[in-house]
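Below: the structure, in structure tokens.
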Amino acid sequence: MTASRVLVLNSGSSSVKYQLLDMADRSRLAVGLVERIGEETSRLVHEPLTGPAAAGGKREQTGPIADHEAALKAVAAELAADRTGLDSPELAAVGHRVVHGGTRFTRPTVIDDEVLAEIRNLIPLAPLHNPANVTGIEVARSLRADIPQIAVFDTAFHSTMPEYVARYAIDAATAQAYSIRRYGFHGTSHAYVSRATAGLLGKPVEDVNVIVLHLGNGASASAVRGGVCVETSMGMTPLEGLVMGTRSGDLDPAVVFHLARVGGLSVDEIDSLLNKKSGLLGMCGDNDMREVLRRAGEGDETARLAFDAYVHRLKKYIGAYSAVLGRVDAVAFTAGVGENAHQVREAAVDGLAELGLELDPEANAARSPQPRLVSPDYARVAVAVVPTDEELEIATQAYALVTE
């Protein structure tokens, strides 16, 4: 029996998302979520998708789950109940989402003690994410030390950006001393969607130039030439770039100095303001695009202003990345807003006919879980809606590494 299953773990600060996939046919065997870890109201939802267990549907348990070790042991117990547990001889690897790989980790990597130590060393660059990623790795290694644990880094896909794109125009010695450069994020999503878009066009990925717009509560854009990222909107942190649910995106750096000197805000207060109280939320009080659209439709001027700012920033990046790529074959929308908010796609493309972008209104308004084109056949640049699948991308990269 050839081991072909990969367990994908995404360990957050108080949650663990997981999927078990069989890479022989790229099918999902189970999905689940543990949330509110460390609280009395912890919750585990597990859904088997194949075999006899699937007939029972979702299983849910509530009650205190003390820490990530307890959470992953609970996940292991749920998988064991489905006869797809961590002790299965069919399990080939555990794939871990790791947010920040710095400049060292530019591809999927087998985790050993040295690699784990390096991921810990990168915590200052991703203080909210890498600690939880490390914890998930440590617990998974303790549960199955005999199988490969693979780190797949959010930053890796963007490591191909030219140095003149990745570097900020600050003192070189200071930048080097503190690892200040543009890294980019959402890389697994951009990798998957750019490749899937080429498939949708029926062309080899090497022949396709695509602008990917990953629009969720966090949002980022990328310019991908022939499957290789040459530019992305997020920078040293996920704060740079597009207007997001709670993040400001691009901002004059002097705003920070002004808030400190004139407003008397501390560094931590400014950090919280720009990351958690800005974007759509800061402008109109809602970070859910559905609510913003509803309110704007009812004549709420603050919601309309927030929506217009969001779309304006999108247009700027589409135009800029069209210039960077020279030739654009497709613009692909993905993630929660990109996949579901047809009004955002319509507004972002409106007025860009000179760049070759047009929409088929009927196709754009139709809801579908499938990858699809929403531009007319005659459009010079295709507009695609491609549901992202970061778990499948992580599993694909992890499985490819262990089978090399």
Side-chain angles (χ1 to χ4, degrees), residues 13 99-103 121-131 154-155 158-159 161-187 213-223 231-287 292 301-321 323-324:
S13 59
V99 166
H100 216 303
T103 56
N121 290 338
L122 292 167
I123 285 175
L125 291 176
L128 298 179
H129 297 95
N130 271 33
D154 272 15
T155 51
H158 305 303
S159 65
M161 289 189 295
E163 191 67 6
Y164 58 81
V165 174
R167 290 281 292 273
Y168 290 111
I170 67 171
D171 173 67
T174 302
Q176 183 174 1
Y178 298 104
S179 302
I180 298 171
R181 62 185 292 116
R182 303 183 66 246
Y183 296 99
F185 299 89
H186 295 146
L213 301 173
H214 177 109
L215 308 179
N217 191 51
S220 59
S222 67
E231 171 69 285
T232 192
S233 59
M234 286 180 168
M236 177 178 168
T237 76
L239 181 59
E240 187 179 355
L242 303 175
V243 175
M244 307 178 217
T246 66
R247 298 180 192 134
S248 65
D250 292 339
L251 188 78
D252 181 348
V255 170
V256 175
F257 314 144
H258 181 79
L259 290 171
R261 291 169 179 159
V262 179
L265 275 67
S266 68
V267 170
D268 288 343
E269 287 173 327
I270 296 171
D271 188 304
S272 178
L273 172 70
L274 298 182
N275 278 289
K276 299 178 181 178
K277 301 174 185 177
S278 296
L280 295 174
L281 180 68
M283 293 190 74
C284 74
D286 269 309
N287 65 311
V292 175
E301 289 300 322
T302 59
R304 170 52 62 180
L305 177 62
F307 178 80
D308 289 346
Y310 184 97
V311 169
H312 177 71
R313 192 76 58 82
L314 276 178
K315 285 179 179 285
K316 284 178 64 176
Y317 272 87
I318 292 171
Y321 287 179
V324 167

Salt bridge present between Lys277 and Glu269 (N-O < 4.0 angstrom): no

How about [X] and [Y]: do any of their side-chain heavy atoms sit closer than 4.5 Å?
{"X": "Tyr168", "Y": "Met236", "answer": "yes"}
{"X": "Asp250", "Y": "Tyr317", "answer": "yes"}
{"X": "Leu125", "Y": "Asn130", "answer": "no"}
{"X": "Ser179", "Y": "Thr103", "answer": "no"}
{"X": "Leu314", "Y": "Leu215", "answer": "yes"}

Closest non-hydrogen atom pair, [X] against [Y]:
{"X": "Leu273", "Y": "Ser278", "answer": "O-OG, 2.5 Å"}
{"X": "Pro238", "Y": "Met244", "answer": "O-CE, 3.1 Å"}
{"X": "Ala219", "Y": "Met234", "answer": "O-CE, 3.3 Å"}
{"X": "Arg247", "Y": "Leu239", "answer": "CB-CD1, 3.8 Å"}
{"X": "Ala309", "Y": "Val243", "answer": "O-CG2, 3.9 Å"}
{"X": "Ser233", "Y": "Leu242", "answer": "OG-CG, 4.3 Å"}

Determine whether the aromatic ring centres of His158 and Phe185 lie less than 6.0 Å apart. no

Given 3.5 Å as the limit, does a donor-acceptor pair link the side chain of Thr155 with the main chain of Gly101, or not? yes

With a 3.5 Å distance limit and no angle check, can you tell me whether Arg313 reaches the backbone of Gly241 through a side-chain donor-acceptor pair? yes

CD of Glu163: more than 12 outside heavy atoms within 6.0 angstrom? yes

Rounded to the nearest 0.5 Å, what separates atom CG in Asp286 from atom CG in Leu280? 9.0 Å

